[in-house]
A.B. asks: 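I am attaching a structure below and will ask some questions about it afterwards.
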Protein chains: 2
Amino acid sequence: MIDVTTQASPGSESRIRLSRERVLRAAVAVADERGIESLTMRRLAEVLGAEAMSLYYHVSNKDDLLDGVVDLVGREINEAVADPPVTGGGWKDIARRRILTAREVLLRHRWAPAVFESRTAASPEVLRYLDGLLGIMRGGGFSSDLAHHAMHALGSRAFGFTQELFTPAGAAPPSPDALDHMAAQLPNLVAMLRDISHDDPDSTLGWCDDQAEFEFGLDLVLDGLDRLRGTR
Amino acid sequence: MIDVTTQASPGSESRIRLSRERVLRAAVAVADERGIESLTMRRLAEVLGAEAMSLYYHVSNKDDLLDGVVDLVGREINEAVADPPVTGGGWKDIARRRILTAREVLLRHRWAPAVFESRTAASPEVLRYLDGLLGIMRGGGFSSDLAHHAMHALGSRAFGFTQELFTPAGAAPPSPDALDHMAAQLPNLVAMLRDISHDDPDSTLGWCDDQAEFEFGLDLVLDGLDRLRGTR
DNA sequence: ACCTGAACACCGTTCAAGT
DNA sequence: ACCTGAACACCGTTCAAGT
């Protein structure tokens, strides 16, 4: 299952040496396969064929482990973004493609956005990614001031994710019966859902297309920034 | 300290009865005063002058507790938003003021955004808030389709918060010396910071104004939506 | 230099028992 | 109906000790 699991068989003499890199890679693998809540020092050690206490020789504590994990994912983003070097198009197209590439990486690590947000220390790889984005804006003629605002306005969207707040991913919309029941307290929400299912009957299964919604919001912000670019 | 702490003095006979409402209010108070990481079942019980196990009669588990806490904060937002009823101005002004009011509430509960994001169940109060926002858009002539996209595009910004990603709140910018050191790896970031501190020397202490940046991003999105309103 | 065992101070939660 | 004590299966982390 986990390729990092290469642990010593019960009776074997030597096991692979630990290292910070190996610990961090195993942590990503554990989070990918069993979810972030399964990423405990004890389980991580188990996967590595070691004792929990051994990890503390390579990371100073769990916070440091998570900092390292974020940096590793940041590196993966930077590699993906550098792979086929982005060329052609204006700043907006370049930024757009870069952000959607970052998104692809984060979709492979669905737990990562929450961990990104929990960190307070700045990951060098993440800074490198943001520096690149800033370079794209500078190339597009942004002033430092506007570029600064732009980074804040993008927020986590710069990495390809936003917090979905009222739609458990892939949820089915309420049934007509349920809608009738909700109509009194949530008239506008119900009216909207009715309209949408009327216009597009197919939407009855998982009516929110996360990718499309992400791109809609991203374009809204990028277009807005592009317009301001001329004026400040 | 905590007004909900009204616990029985050591030898007293009767203590105030617990209730779901009282448990939830105490949970908010604990999170406000000691941080969300201090909100454990055991400590919450202590603050209420009860045993941890007693809480389970009023909430089914910690997840349910947090769901309740989100709903309580949602109620506080709805009350703040309803207080001086919003009148006058176009949909954009009304939505803007409402969102900034929600933001004020969340600034009183700095731990709340993270808890909001961790929840998967839909809080009735949160849904009520979103329904209101939807009503404002409908009043502004939004189609159901555009209103749907708009809610996704706003995301957590609808509640008055966004994830800050590269600025630990209130952090001082790097010193000129530190900038020199970073320049090789992060040229664009360093150039931007130098420009900003040159234009505005005062910015040397905490150069990111969270409120201003929030409003910048909010206006960018609201303006973009307003423009689309005419066309779809 | 690298890894470990035993131990500590915490968690959330169950279950049977008290009033 | 409401609350509790003892107990279980976990956490992250320390410290002194092994190789």
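Not measured: the values here are computed from a predicted model. Quick note on labels: first sequence line is chain A, next is B, and so on, each numbered from 1.
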A.B. asks: Answer yes or no: is there an ion pair linking B:Asp67 with B:Lys62, defined by an N-O contact shorter than 4.0 Å?
C.D. replies: no

A.B. asks: Can you check the B:Leu44 CG to C:dG12 C1' distance for me, whole Å?
C.D. replies: 13 Å

A.B. asks: Among residues 62-72 of chain B, which ones have heavy-atom contacts with DNA chain C below 4.0 Å?
C.D. replies: B:Lys62

A.B. asks: For B:Phe214, is the NZ or CZ atom of B:Arg103 found under 6.0 angstrom from the centre of its six-membered ring and inside 45 degrees of the ring axis?
C.D. replies: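 Yes - B:Arg103 lies over the ring of B:Phe214, closer than 6.0 Å to its centre and within 45° of its axis.
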
A.B. asks: Please give, in whole Å, the distance from D:dA1 C1' to B:Arg20 CZ?
C.D. replies: 17 Å

A.B. asks: Looking at A:Arg42 and A:Glu51, does any basic side-chain N land under 4.0 Å from a carboxylate oxygen?
C.D. replies: no

A.B. asks: So does B:Asp63 get a backbone contact from the side chain of B:Arg119, meaning a donor-acceptor N/O pair under 3.5 Å?
C.D. replies: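 Yes.
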
A.B. asks: Could you work out which one of C:dC2, D:dT4, D:dC3 sits closest to the side chain of B:Leu18?
C.D. replies: D:dC3

A.B. asks: Need to verify one output field. Residue with the more 5' nearest nucleotide on DNA chain C, A:Leu55 or A:Arg42?
C.D. replies: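 The residue mapped nearer the 5' terminus is A:Leu55.
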
A.B. asks: Just to be sure I understand the rule, does B:Met53 reach a base, reach only the sugar-phosphate, or reach nothing, if contact means heavy atoms closer than 4.0 Å?
C.D. replies: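 If one applies the 4.0 Å heavy-atom cut-off, B:Met53 turns out to touch a base.
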
A.B. asks: Counting heavy atoms from C-beta on, name the nucleotide in C:dA1, D:dC11, D:dT13 closest to the side chain of A:Tyr57.
C.D. replies: C:dA1

A.B. asks: Tell me the interatomic distance from B:Leu48, atom CG, to D:dC3, atom C1', rounded to whole angstroms.
C.D. replies: 13 Å

A.B. asks: Rounded to the nearest angstrom, tell me the gap between atom CE in B:Met41 and atom P in C:dT14.
C.D. replies: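 About 10 Å, once rounded to whole Å.
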
A.B. asks: Considering only NZ, NE, NH1 and NH2 on the basic side and carboxylate oxygens on the acidic side, decide whether A:Arg128 and A:Glu125 come within less than 4.0 Å.
C.D. replies: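 Between A:Glu125 and A:Arg128 there is a salt bridge, with a charged N closer than 4.0 Å to a carboxylate O.
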
A.B. asks: Between B:Glu79 and B:Arg75, is the closest basic N to carboxylate O distance under 4.0 Å?
C.D. replies: no

A.B. asks: Between D:dG12 atom C1' and A:Glu51 atom CD, what is the distance in whole Å?
C.D. replies: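 Result: 15 Å.
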
A.B. asks: To the nearest angstrom, how far is A:Tyr56 atom OH from C:dG5 atom P?
C.D. replies: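 That distance rounds to 16 Å.
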
A.B. asks: Calculate the interatomic distance between A:Arg17 atom CZ and C:dT4 atom P; express it in whole Å.
C.D. replies: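 After rounding, the gap between these two atoms is 12 Å.
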
A.B. asks: Classify the nucleic acid contact of B:Ser54 as base, sugar-phosphate or nothing, counting any heavy atom under 4.0 Å across all strands shown.
C.D. replies: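 Answer is base: heavy atoms of B:Ser54 come under 4.0 Å of a base.
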
A.B. asks: With both distances under 3.5 Å as the test, what is the Watson-Crick or G-U wobble partner of C:dC10?
C.D. replies: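 Base partner found: none.
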
A.B. asks: With both distances under 3.5 Å as the test, what is the Watson-Crick or G-U wobble partner of C:dT4?
C.D. replies: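 When the pairing criteria are applied, D:dA16 turns out to be the nucleotide that pairs with C:dT4.
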
A.B. asks: For B:Arg20, I'd like to know if atom CZ has over 12 heavy atoms of other residues, nucleotides or ligands within 6.0 Å.
C.D. replies: yes

